[in-house]
Amino acid sequence: MNTVTLKPGKEKSLLRRHPWIYLNAIDRVDGRPASGATVVVRAHDGRFLARAAFSPVSSIRARVWTFDENEPIDHAFFKRRVQRALEHRTAMVTGTGAVRLIFGESDGLPGLIVDHYRAVDGQREQLVCQFMGAGVEAWKQAIVAVLVGATGCPHVYERSDVSIREKEGLTQTTGVLAGDEPPETLIVDEGGVRYHVDVRHGHKTGFYIDQRDNRALIARHAAGKEVLNCFCYTGGFSLAALKGGATRVVSIDSSGEALATARANVEANAFDPARAEWLDADAFKTLRSLHDGGARFDLVVLDPPKFAPSQQHIDRAARAYKDINLSGFKLLRPGGLLATYSCSGAIDALLFQKIVAGAASDAGVDVRILGRLGAGVDHPMLTSFPEGEYLKGLWLQRI
Ligand code: SAH
């Protein structure tokens, strides 16, 4: 039996049900567990703690499947976990064709992401998966079979083109896992707005599903307003603002390809293209030049890429967040609203708020917090796994 025995005292985080076992917590490994093999994790005194997936090269040397000594890791285990995740989504998520079905550790399946897209014409459903740990990689075939069985969707595509796999000793890979090659684009409906999703080449699995509630927030507050959406990608927030009745939406992104899809989204919704302006440009410079040119907005959205991919990037990332938020505040009319986000896991909600507060102060504006924002209910967070919170936002008003 492959067994991982921890150093004295290192069992504490597992007893609090945190699912990661770091290399430096391990006293010894008995047996020769292969990548992804199931190991029993024991405290130094021999007590059972968990069953986990072994990852021979990662500093997170094992990820917990179960804390229950009586639960074996087999096909039935994955079926139960997937079923539990699906029941939560069915009960909680409605009115959208894009849902995260499995959110890794938060659903008891460390390293696994599964998104489900349903096209508007009802012709096509598509599952898109990311396998980001040695354990889920080893169980890939079983997981795909369980997903197809549980959802009834025959088409499964893999988007494991994420650099984090290299930390697990895995190479990046994409391709069909079940069913047919995905169509070039799927059109999904979210809250009455249609979005093009390219599951093969789009960011993440094709769409920022996590921002659903935040798009709805923008739609609710956009009527009659001039809106600026910075880092717009395929126009998620821009389309929501148009749907909500914005008079003018200016959107910035440095990807011409993303902007082409954004324009196609305007067309797919039959919105008046004259209400939408798309700037293919660097956001940092453009925010400043808009301000210098005297532009002002009633509603600004700042949803940049992950500026801090890890702890060592925090300082530089903090300066970048401060820079764009400073410009964002300066571009707001008095009474104007700002939705500002960070998806850097390394920057927690408190630090993000401090950075934004610093930006407001430097901009010389008084700002009140109307709300704290995060990912939708299909990205739940375990109280025992705060690392699951990566997206945080602030909903602010210039007084
Ligand atoms: N807000 C989007 C997701 C943003 S993803 C949504 O809700 O769908 C980050 C986007 O920032 C990408 O589309 C990328 O092309 C763009 N980007 C990255 N660096 C940029 C820069 N310096 N200036 C403008 N856009 C940038």
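Numbering starts at 1 and runs along the sequence shown. Just follow the structure's listing: the first ligand is 1, and inside any ligand the first atom is 1. What you see is a predicted model; the values in this text were computed from it and never measured.
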May I have the list of side-chain donor-acceptor pairs in residues 201-209 shorter than 3.5 Å, sequence neighbours left out?
from, atom 1, to, atom 2, distance (Å)
His201, ND1, Asp198, OD2, 3.1
His203, ND1, Tyr208, OH, 2.8
Lys204, NZ, Asp210, OD2, 3.1
Thr205, OG1, Asp115, OD2, 2.6
Thr205, OG1, Tyr117, OH, 2.7

Listed pairs under 3.5 Å, donor-acceptor, residues 353-372 side chains, sequence neighbours left out:
from, atom 1, to, atom 2, distance (Å)
Gln353, OE1, Arg372, NH1, 2.5
Gln353, OE1, Arg372, NH2, 3.4
Asp362, OD2, Lys322, NZ, 3.0
Arg368, NE, Gln397, OE1, 3.2
Arg368, NH2, Gln397, OE1, 3.0

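Only one option out of Arg84, Arg89, Arg100, Arg81 pairs with Asp107 in a side-chain hydrogen bond (donor to acceptor under 3.5 Å, both in side chains); it is Arg89.
Residue-level contacts of ligand 1 at the 4.0 Å heavy-atom threshold are His203, Tyr208, Phe231, Cys232, Tyr233, Phe237, Asp253, Ser254, Ser255, Ala281, Asp282, Ala283, Phe284, Asp303, Pro305.
Listed by chain and number, the hydrophobic cluster partners of Val120 are Ile187, where partners are ILVMFWY side chains within reach of under 4.5 Å, directly or through others.
With a 4.5 Å cut-off on side-chain heavy atoms, Glu226 and Thr247 count as touching. Using a 4.5 Å heavy-atom threshold, the side chains of Arg63 and Pro19 count as separate.
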